[in-house]
Amino acid sequence: MPRQLGELEDAVMTRVWQWNRPVTVREVLEDLQQERSIAYTTVMTVMDNLHQKGWVRREVDGRAYRYTAVSTRAAYAAALMNEAWSQSDNPAAALVAFFGMMSPEQRESLRDAVRMVGPPEDYPDPVDPADPTRSPEQSPQGAEPAEREGPAEPDEPRGGAGR
């Protein structure tokens, strides 16, 4: 799981995520210099460190590199939340405390997110029902493992009535 980015790493990654295109050290440097005094070699070292840590990939462009984010800021935030939550000895209490810290706008965003993923009964079973090592008792509602792959066909009414 990822560790939280340091202050300068976050400032660099913020630009890489916002620009959403391959960037050079020079571009990041010039943007950072609008906020603080910083040396080219410092930005170059940070971007190299981010590459070594797997946050960015890089491609040679002439005598320089162009850096691209490996994942999104949302994925980074989600991974940090998941890591923090998994460290709790009482995950339910941690979630309640977290929800208590949320602003009304954040709670509305959470409601929207839950609506997007659907109700819990729509979540896939974490164990593959087609797993041949799984007994019928372990299958949902005692069903046998699936015999074919691919999307399920919609249930068709049996018999000719109503057609």
Side-chain angles (χ1 to χ4, degrees), residues 1-38 42-43 45-59 65-131 134 138-143 145-146 149-157:
M1 278 292 147
R3 287 192 359 234
Q4 186 169 354
L5 296 171
E7 180 187 345
L8 190 51
E9 289 174 327
D10 186 67
V12 169
M13 284 305 300
T14 293
R15 281 142 181 92
V16 175
W17 282 319
Q18 285 175 344
W19 296 339
N20 197 27
R21 61 173 173 77
V23 300
T24 64
V25 171
R26 176 76 51 204
E27 291 172 308
V28 174
L29 170 72
E30 289 172 359
D31 200 60
L32 283 171
Q33 285 179 331
Q34 295 176 25
E35 300 172 357
R36 63 177 94 190
S37 177
I38 190 166
T42 301
V43 177
T45 298
V46 169
M47 293 186 82
D48 183 61
N49 289 343
L50 290 167
H51 176 256
Q52 297 299 321
K53 292 177 181 182
W55 288 106
V56 293
R57 70 177 61 90
R58 66 184 180 194
E59 295 179 14
Y65 287 113
R66 287 205 174 265
Y67 295 84
T68 308
V70 170
S71 67
T72 64
R73 185 170 201 72
Y76 165 68
L80 288 178
M81 288 188 287
N82 187 55
E83 175 68 14
W85 187 44
S86 69
Q87 297 299 315
S88 174
D89 60 348
N90 187 340
L95 282 175
V96 169
F98 178 63
F99 296 157
M101 295 176 194
M102 297 173 95
S103 70
E105 295 81 16
Q106 290 171 319
R107 285 192 197 117
E108 187 57 35
S109 293
L110 178 62
R111 282 186 205 94
D112 292 343
V114 169
R115 279 191 287 274
M116 281 190 259
V117 297
E121 58 270 11
D122 290 346
Y123 299 163
D125 187 344
V127 180
D128 181 4
D131 182 352
R134 187 174 177 179
Q138 294 171 308
S139 297
Q141 293 84 34
E149 294 199 16
E153 296 290 329
D155 289 337
E156 300 235 2

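Predicted model only: the values in this text are computed from it and were never measured.
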Identify, with sequence neighbours excluded, every residue that meets salt bridge (Lys or Arg N to Asp or Glu O under 4.0 Å) alongside Arg15.
Asp31, Glu35
By salt bridge (Lys or Arg N to Asp or Glu O under 4.0 Å), Arg66 pairs with (sequence neighbours left out) Glu27, Asp61
State, yes or no, whether a side-chain contact exists between [X] and [Y] at a heavy-atom distance under 4.5 Å.
X: Met47; Y: Val12; value: yes
X: Leu32; Y: Val43; value: yes
X: Trp19; Y: Val28; value: yes
X: Leu95; Y: Trp85; value: yes
X: Arg58; Y: Val25; value: no
X: Phe99; Y: Leu110; value: yes

Looking only at non-hydrogen atoms, find the nearest pair between [X] and [Y] and report the distance.
X: Gly100; Y: Arg107; result: O-NH2, 3.8 Å
X: Ser103; Y: Gln106; result: N-OE1, 2.7 Å
X: Pro91; Y: Ser88; result: N-OG, 3.6 Å

Step through the shown structure and confirm whether more than 12 heavy atoms of other residues, nucleotides or ligands are within 6.0 Å of CD on Glu7.
no
Is there a salt bridge (Lys or Arg N to Asp or Glu O under 4.0 Å) between Asp10 and Arg73 once you walk through the steps?
CA-CA 10 Å; Asp10 186 67; Arg73 185 170 201 72; 3.0 Å; yes
Could you check whether any side-chain N or O of Glu108 sits under 3.5 Å from a backbone N or O of Glu105, counting only pairs where one atom can act as donor and the other as acceptor?
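Such a contact is absent between Glu108 side chain and Glu105 backbone.
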With distance as the sole test, does Thr42 use its side chain to make a donor-acceptor pair with the main-chain N or O of Ile38 at under 3.5 Å?
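A pair under 3.5 Å: no.
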Kindly compute the distance separating [atom1] ([X]) from [atom2] ([Y]), expressed to the nearest 0.5 Å.
X: Tyr67; Y: Arg57; atom1: OH; atom2: CZ; value: 13.5 Å
X: Met13; Y: Thr72; atom1: CE; atom2: OG1; value: 9.5 Å
X: Leu80; Y: Glu83; atom1: CG; atom2: CD; value: 8.5 Å

Between Arg21 and Thr68, is the side-chain contact (heavy atoms from CB on, under 4.5 Å) condition met? List the steps.
CA-CA 6 Å; Arg21 61 173 173 77; Thr68 308; over 6 Å; no
Using side-chain contact (heavy atoms from CB on, under 4.5 Å), reason through Leu5 and Leu50 one step at a time and then give a plain yes or no.
CA-CA 9 Å; Leu5 296 171; Leu50 290 167; 3.9 Å; yes
Are Trp55 and Tyr76 an aromatic pair by the rule of ring centers under 6.0 Å?
yes
